[in-house]
Every structure is written in C-alpha cells, then in structure tokens.
Amino acid sequence: MAWMKIKDAFGAPAGTELTVKGWVRTKRDSNADGGLSFVAVHDGTCFDPIQVVARADLTNYSEEISRLNTGCSVEVDGVLVESQGKGQSVEIQANAVRVIGWVEDPDTYPVSNKRHSFEYLREVAHLRTRTNTFGAVARVRHALAQSVHRYMDSLDYYWVHTPIVTGSDCEGAGEMFRVSTLDFCNIPKTDDGSVDYSKDFFGKETNLTVSGQLNVETYACSLSRVYTFGPTFRAENSNTSRHLAEFWMIEPEIAFADLHDDIELASGMLRRCASDLLERRMDDLQFFDLRIEKGIVDRMKMIADAPVKTITYTDAIKILENCNEKFEYEVKWGADMQSEHERYLTEKHFKQPVAVINYPKDIKAFYMRLNDEGTDGAPGRTVAAVDILVPGVGELVGGSQREERLGVLDMRIEEMGLHKDDYWWYRDLRKYGTVPHAGYGLGFERLVQFCTGMQNIRDVIPFPRAPRQAEF
RNA sequence: GCCCCGAUAGCUCAAUGGUAGAGCGAGCGGCUGUUAACCGCUAGGUUCCAGGUUCGAGUCCUGGUCGGGGCGCCA
C-alpha cells in the first residue's frame with residue numbers, strides 16, 4: 001500500500017487504500033459495534049490530524065492499540081472512507097495498526113493531550129513541535145521563507161550568502177559575540193598587556209555578524225539587485241518578547257534606487273507573504289485566528305491588498321503631539337520615538353503598517369543618506385531612513401537610502417567619531433563608480449509573529465537563543 | 001541593564017503563620033461512532049535553593065537561582 005502524506009490523504013477519493021505514518025495526537029475508545037478506537041494521527045504535513053478507526057477485531061487491538069497514548073508513533077494501513085461521525089469529512093478504516101514507538105511513561109510525557117503554557121513548552125522545545133501551535137508556526141515560518149525567496153527571485157534579486165564570521169569591528173549595530181579559539185585560561189598578551197589577537201585563529205579580532213548590509217552593498221554595486229537571508233547575532237542583554245540573540249534577517253540592497261523604491265520593495269514583500277499564506281496555509285491561519293489572536297486572517301487579507309502607508313517623521317511627531325494619548329515619554333522632534341509612540345501610530349492612529357521616513361540625522365547611522373536642508377519642512381537636518389511599523393510587533397523593518405557621496409560619507413563618519421580607515425573597502429564603493437542605492441533589514445521572526453499573532457518571539461524560532469537561554 | 005510579578009502533584013493553579021487541595025493529565029473499571037467526550041475509583045508532594053524569625057513557615061525576613069511582563073538597545 002502506498003505511503004501517503006496526511007495532507008494528500010485528505011484530498012484522496014474515498015476507497016483509496018493507503019498507509020499513513022505519524023504520531024498519535026489523541027485516542028478515544030468506544031464499546032459500540034463490538035469495540036473500536038478512534039486514533040487521531042498527525043504527521044506535520046497539514047494542520048489537521050487524520051482520524052483512524054481501529055476495530056477490536058484487529059489482532060493487536062487489546063494488546064497494543066487500546067494502550068496507545070498521545071505521542072506514540074504508528075504506521076496505519078487502511079482504506080479512506082467518508083466519516084460516519086461528525087467533525088471530519090474522511091477517516092481511515094484501519095486494516096493494520098503497527099506501533100513503531102511507545103511512550104515509555106505516559107504519566108510524565110511532557111506534551112500530553114492537554115493545554116500547556118508557552119513558557120512551559122519552551123522548556124521542552126524538542127517535543128513542542130508535536131503540538132498544534134508549534135506545528136502551525138513551523139509550517140508558516142517555512143511558507144514565509146519560501147515567499148521571500150520566490151518574491152525576490154521573481155524580481156531578479158540574487159541571494160548573497162554574506163559571512164557569519166566577520167573581521168570588521170565597525171559594523172556598529174550593537175554588542176557582538178566574539179569568535180575565538182584562544183585558550184581562556186592562557187590568553188596570549190602583547191607587550192602592552194592587551195590580548196594578542198595575532199595568535200588567534202584568524203590572526204585578528206573576529207565576531208559573529210550583526211548585519212550583512214555592508215557586505216551585501218558590495219554586491220549591489222555590481223549585480224544591481226541582491227539580498228541576504230541568514231542568521232544574525234546580537235549580544236545585547238535584551239529581555240523582551242521581540243528580541244533574540246540569534247535571529248534571521250532579510251536584507252535587500254538595490255542599486256540605482258532611492259528610499260521610495262526601498263519602501264515599494266518592502267511593501268511588495270509583505271503583500272506577497274500575506275497572499276501566499278492565504279493561499280497555501282489557510283489551515284494554520286484559521287487556527288491562529290481562532291486560538292492565538294482574533295483577526296489574523298483579516299490582517300493578512302488587509303496586508304495582501306493594501307500597500308504600506310508612508311508618513312514623514314516630522315508629520316508623525318505632529319500627530320503624536322496633537323493626539324490625546326497619555327505617553328510615559330515626551331514626544332519631541334529630534335528624539336527617537338519610543339515603542340509606545342510607534343505602537344500608537346500603527347495600532348491606534350493608522351491601524352495598519354506604516355512606513356515612517358526621514359528621521360533626524362543625529363539619531364541614525366552614519367551610512368544613511370543626508371537629505372537636503374528643509375526636506376519635509378523639518379526643523380532640523382534629516383536622513384533618508386525608514387522604519388516600517390506594524391501592529392502587535394512594532395518595528396518590523398529598518399532601512400535607508402545609503403549615502404553614495406564620498407565627501408558627505410566621510411563627513412558623517414567623522415561626525416560620529418568613527419575612523420575612515422576602518423571603512424576603506426566600503427568607501428571604495430563610493431570612489432569607483434558610485435550609484436545611489438538603498439536597502440533594509442527585515443526581522444524574519446518579527447514577520448512570523450506578525451503573521452501568526454504569537455506574542456513571544458521565542459515561540460516563532462525553533463530553538464531560541466536569548467540571554468541565559470541556549471538549551472537544545 | 002532598570003522596574004514589577006512569580007516559582008506548591010506530570011501540567012494549570014488553590015491553601016488567614018496551625019493536618020498540603022482541586023481541575024486536567026496518568027493507571028484501572030463502566031458507558032458511548034467518539035472527537036476539549038462522559039461517570040466512578042486509585043496513585044501521585046524535598047511547596048525552587050541556602051540561611052534566618054517563630055512553639056510552629058508553602059505562607060514572614062535576607063541572599064541566590066530560574067521564569068514571565070514592561071522599559072531600554074534594535075530587526
């Protein structure tokens with residue numbers, strides 16, 4: 001008999017003979033018709049488990065089938081039939097149920113058939129994928145990754161694998177994890193007492209990357225349209241539901257492009273992700289809508305249809321100053337927006353994703369393009385930066401048009417107390433055939449949160465890494 | 001890093017400083033084309049760790065560990 005994925009079994013015609021393999025989600029017994037058991041089996045290929053009907057006349061019924069528990073693995077041979085009961089369209093009348101793996105102590109099986117808190121399930125991350133929620137998260141996460149790659153490929157963007165280990169100590173986006181093979185108990189020192197990195201594996205100080213942006217800009221300045229999609233590491237001591245020490249980021253970089261081209265690309269990416277989910281993972285979306293956050297399906301429909309709305313930082317500040325909301329932190333032009341301000345804009349004022357552009361230059365990175373004096377009627381100088389804010393998550397995307405003018409770039413590097421020489425190859429891009437270009441970073445886990453309604457970012461990555469959290 | 005909250009049965013939680021409890025899960029039995037099944041019985045505890053106060057501490061105090069929420073850093 002043909003081994004069939006459960007998702008395909010649901011679409012097969014009645015009368016199909018098949019084998020399915022998976023894990024028991026629930027079992028219920030009945031005395032009717034001489035005794036039978038209903039075994040719900042899942043294999044991860046779709047949201048719903050399939051109902052297997054096992055009758056007491058099967059040879060191993062009393063010895064094995066009646067003793068099945070949540071978590072046991074089984075192979076089932078049978079015939080697909082229209083269900084005689086309510087609650088499912090089809091079911092499998094079993095001819096044979098082979099137990100592949102028992103649960104050795106059902107009393108202590110960590111993910112028994114009952115509700116568990118997400119905090120608890122994080123402690124059993126190796127088994128939590130057997131639950132409805134984490135199975136759904138895994139499938140949605142996969143679908144979103146596929147959508148990103150398909151979307152970028154359809155627009156002729158090349159996926160560039162920027163390095164994980166970096167020798168640049170100038171990436172600037174926060175604390176880094178050191179990469180070293182030196183013996184902690186016997187660290188080589190130079191004459192002045194500092195660590196002698198020339199003795200280390202790479203012969204210099206190295207870290208895990210905090211962004212592929214600087215590297216991928218080099219590819220944009222030759223291949224025109226490129227992006228990275230890979231792991232990123234930040235050693236910040238961040239304790240929030242929106243931060244991880246290891247996360248995945250998508251960083252497109254577009255040559256001959258300005259900030260609006262950048263936003264258009266990000267907006268299209270979100271639309272594509274949402275419409276693909278509606279088309280491919282409606283089963284999981286409906287679960288999230290029902291059990292995790294009401295309105296997820298409507299949210300995806302809204303994203304699929306509407307482009308991201310754009311507003312200037314200067315106008316956003318005016319909205320915040322003139323609204324009647326009480327904020328803990330003062331709203332002031334020139335200051336970074338607090339997360340309460342961002343959430344007000346996207347969740348209450350606009351009730352949709354919002355791209356905020358043209359931020360004061362002093363609160364943004366050196367590589368962001370300096371706007372002309374008086375842009376947007378702003379009271380101070382701004383840079384062509386963009387943050388895309390979404391309901392429930394806050395900042396999903398951070399990007400900018402890059403400063404392509406060498407003189408201005410050098411001025412900005414100096415202004416921020418950085419050293420030109422550290423950026424020699426980055427500056428070369430401006431010396432040799434410079435072009436206007438733009439890009440952004442999209443936090444992949446935050447995207448998964450936005451599309452599922454999952455509240456804690458640690459529940460949308462298989463094995464979360466955060467301060468004091470590296471089990472599994 | 002800062003502020004707040006929490007830790008008791010496999011899980012989720014109760015218990016005024018005075019004998020440690022329930023629901024779910026698990027085991028056994030009953031009933032039923034069942035599906036958050038239902039009914040009965042049974043088992044299940046180093047009350048996070050280390051000190052202290054007290055005749056007596058799950059409860060109060062001190063320190064620690066771990067977890068959660070908010071904020072900051074950002075994606």
Side-chain angles (χ1 to χ4, degrees), chain A residues 25-40 48-55 66-67 69-71 81-88 91 93 103 105-124 132 172-175 210-213 228 231-251 266 291 327-329 336-340 342-343 363-365 386-390 393-399 440-450 455-459 461 466-469 471:
Chain A
R25 171 74 47 70
T26 61
K27 178 175 71 73
R28 293 172 295 274
D29 302 320
S30 171
N31 280 340
D33 301 341
L36 67 168
S37 290
F38 301 93
V39 187
D48 287 318
I50 197 161
Q51 174 158 286
V52 172
V53 181
R55 297 193 173 276
S66 69
R67 294 182 185 172
N69 289 101
T70 302
V81 298
E82 282 186 31
S83 182
Q84 296 172 32
K86 293 168 189 163
Q88 58 281 317
E91 63 193 20
Q93 286 287 352
V103 167
D105 183 0
D107 194 32
T108 59
Y109 180 58
V111 289
S112 57
N113 181 33
K114 60 188 280 307
R115 285 187 188 170
H116 296 288
S117 66
F118 292 145
E119 292 83 359
Y120 167 71
L121 288 170
R122 250 168 252 155
E123 296 171 12
V124 288
N132 282 332
E175 293 297 308
V210 294
S211 166
Q213 181 199 318
T228 72
T232 305
F233 306 86
R234 305 262 167 102
E236 302 290 343
N237 190 10
S238 297
N239 294 289
T240 80
S241 57
R242 307 180 306 281
H243 290 85
L244 289 166
E246 178 183 275
F247 63 100
W248 288 60
M249 187 155 63
I250 298 146
E251 296 177 287
R291 291 294 159 87
F327 294 118
E328 192 179 336
Y329 292 88
D336 228 341
M337 265 191 259
Q338 302 293 315
S339 61
E340 58 175 346
E342 296 178 341
R343 295 182 79 119
I363 58 172
K364 289 293 183 182
V386 57
D387 280 358
I388 297 181
L389 315 174
V390 300
V393 172
E395 186 176 343
L396 175 66
V397 170
Y440 62 84
L442 185 156
F444 186 58
E445 284 74 22
R446 289 185 181 178
L447 176 65
V448 181
Q449 280 188 279
F450 178 61
Q455 300 244 311
N456 196 309
I457 200 166
R458 295 168 195 198
D459 297 327
I461 190 167
R468 299 180 309 281
Q469 193 159 47
E471 191 68 47

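Atom set for the values below is all heavy atoms of this structure, side chains included, hydrogens, waters and symmetry mates excluded. Residue numbers start from 1 in every chain, and the chains themselves are labelled A, B, ... in the order their sequence lines are given, proteins ahead of strands.
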Any heavy-atom pair between the side chains of [Y] and [X] that's under 4.5 Å?
{"X": "A/Val53", "Y": "A/Phe38", "result": "yes"}
{"X": "A/Glu91", "Y": "A/Val81", "result": "yes"}
{"X": "A/Arg122", "Y": "A/Asn456", "result": "yes"}
{"X": "A/His243", "Y": "A/Glu236", "result": "no"}
{"X": "A/Glu471", "Y": "A/Glu123", "result": "no"}
{"X": "A/Val111", "Y": "A/Leu121", "result": "yes"}

Looking at [X], does any N or O in its side chain come under 4.0 Å of the phosphate oxygens OP1/OP2 on [N]?
{"X": "A/Arg115", "N": "B/G23", "value": "no"}
{"X": "A/Gln338", "N": "B/G72", "value": "yes"}
{"X": "A/Arg458", "N": "B/G68", "value": "yes"}
{"X": "A/Asn456", "N": "B/G69", "value": "yes"}
{"X": "A/Ser238", "N": "B/C74", "value": "no"}
{"X": "A/Ser339", "N": "B/G72", "value": "yes"}
{"X": "A/Arg468", "N": "B/U65", "value": "no"}

* To do: Nearest-nucleotide wise, let me know which of A/Leu244 and A/Tyr329 is further upstream toward the 5' end of RNA chain B.
  =>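 First, find each residue's nearest nucleotide; the 5'-ward one identifies A/Tyr329.
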
* More 5' along RNA chain B: A/His116 or A/Gln93, using each one's nearest nucleotide? ->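 This one resolves to A/His116.
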
Counting only N and O atoms by type, is there a donor-acceptor contact under 3.5 Å from the side chain of [X] to the main-chain atoms of [Y]?
{"X": "A/Tyr120", "Y": "A/Pro110", "value": "yes"}
{"X": "A/Gln338", "Y": "A/Tyr329", "value": "no"}
{"X": "A/Arg446", "Y": "A/Glu395", "value": "yes"}

When you compare [N] with [M], how far apart are their [atom1] atoms, in angstrom units rounded to a whole number?
{"N": "B/A20", "M": "B/C24", "atom1": "P", "answer": "24 Å"}
{"N": "B/C3", "M": "B/C39", "atom1": "P", "answer": "49 Å"}
{"N": "B/G45", "M": "B/U62", "atom1": "P", "answer": "32 Å"}
{"N": "B/A36", "M": "B/G17", "atom1": "P", "answer": "41 Å"}
{"N": "B/A50", "M": "B/U59", "atom1": "P", "answer": "13 Å"}

Among [options], the nucleotide that comes nearest once only the side chain of [X] is considered:
{"X": "A/Tyr120", "options": "B/G69, B/C11, B/C74", "value": "B/C11"}
{"X": "A/Thr240", "options": "B/A75, B/U12, B/C71", "value": "B/C71"}
{"X": "A/Ile457", "options": "B/A75, B/G72, B/U12", "value": "B/A75"}
{"X": "A/His243", "options": "B/A75, B/C73, B/U34", "value": "B/C73"}
{"X": "A/Arg55", "options": "B/G33, B/A75, B/C71", "value": "B/G33"}
{"X": "A/Glu342", "options": "B/G10, B/C74, B/G33", "value": "B/C74"}
{"X": "A/Glu119", "options": "B/U34, B/G67, B/C73", "value": "B/G67"}

[X] [atom1] to [N] [atom2]: how many Å, rounded?
{"X": "A/Arg122", "N": "B/C11", "atom1": "CZ", "atom2": "P", "value": "16 Å"}
{"X": "A/Phe118", "N": "B/G69", "atom1": "CZ", "atom2": "P", "value": "12 Å"}
{"X": "A/Glu340", "N": "B/G69", "atom1": "CD", "atom2": "P", "value": "19 Å"}
{"X": "A/Ile363", "N": "B/C74", "atom1": "CD1", "atom2": "P", "value": "10 Å"}
{"X": "A/Leu389", "N": "B/A75", "atom1": "CG", "atom2": "C1'", "value": "12 Å"}
{"X": "A/Asn239", "N": "B/C66", "atom1": "CG", "atom2": "C1'", "value": "13 Å"}
{"X": "A/Phe38", "N": "B/U34", "atom1": "CZ", "atom2": "C1'", "value": "4 Å"}
{"X": "A/Arg242", "N": "B/A75", "atom1": "CZ", "atom2": "C1'", "value": "11 Å"}

Looking for any heavy atom pair under 4.0 Å, which part of the strands does [X] touch: base, sugar-phosphate only, or nothing?
{"X": "A/Glu246", "value": "nothing"}
{"X": "A/Val397", "value": "sugar-phosphate"}
{"X": "A/Gly441", "value": "sugar-phosphate"}
{"X": "A/Gln449", "value": "nothing"}
{"X": "A/Gln88", "value": "base"}

* Kindly check if the number of other-residue, nucleotide or ligand heavy atoms within 6.0 Å of CD (A/Gln455) is above 12? =>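 Open: at most 12 neighbouring heavy atoms sit under 6.0 Å from CD of A/Gln455.
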
Distances under 3.5 Å between protein N/O atoms and the N/O atoms of nucleotides 25-29 of chain B, please, pair by pair.
from	atom 1	to	atom 2	distance (Å)
B/G25	O2'	A/Ser112	OG	3.3
B/G25	N2	A/Asp107	OD1	2.4
B/G27	OP1	A/Asn69	ND2	3.2

Write down the atom of [X], the atom of [Y], and the distance for their closest heavy-atom approach.
{"X": "A/Ile388", "Y": "A/Ala266", "answer": "CD1-CB, 3.7 Å"}
{"X": "A/Ser83", "Y": "A/Gln88", "answer": "OG-NE2, 3.0 Å"}
{"X": "A/Glu445", "Y": "A/Phe247", "answer": "OE1-CB, 3.3 Å"}

* Is a side-chain donor-acceptor pair under 3.5 Å present for A/Thr232 with A/Arg234? ->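 Distance-only check fails for A/Arg234 and A/Thr232.
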
Write out a two-atom table: protein N or O, nucleotide N or O from nucleotides 3-9 of chain B, distance below 3.5 Å.
none

* If we require ring centres under 5.5 Å and near-parallel planes under 30°, does A/Phe247 stack on B/A75? ->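 By the stated criterion, A/Phe247 and B/A75 stack.
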
* Distance in Å, A/Asp459 CG paired with A/Glu119 CD, rounded so as to fall on 0.5 Å steps ->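 Output value for this atom pair is 7.5 Å.
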
* Dot-bracket encoding per residue of RNA chain B, Watson-Crick/G-U cut-off under 3.5 Å, | denoting interstrand -> (((((((..((((....[..)))).(((((.......))))).....(((((..]....))))))))))))....

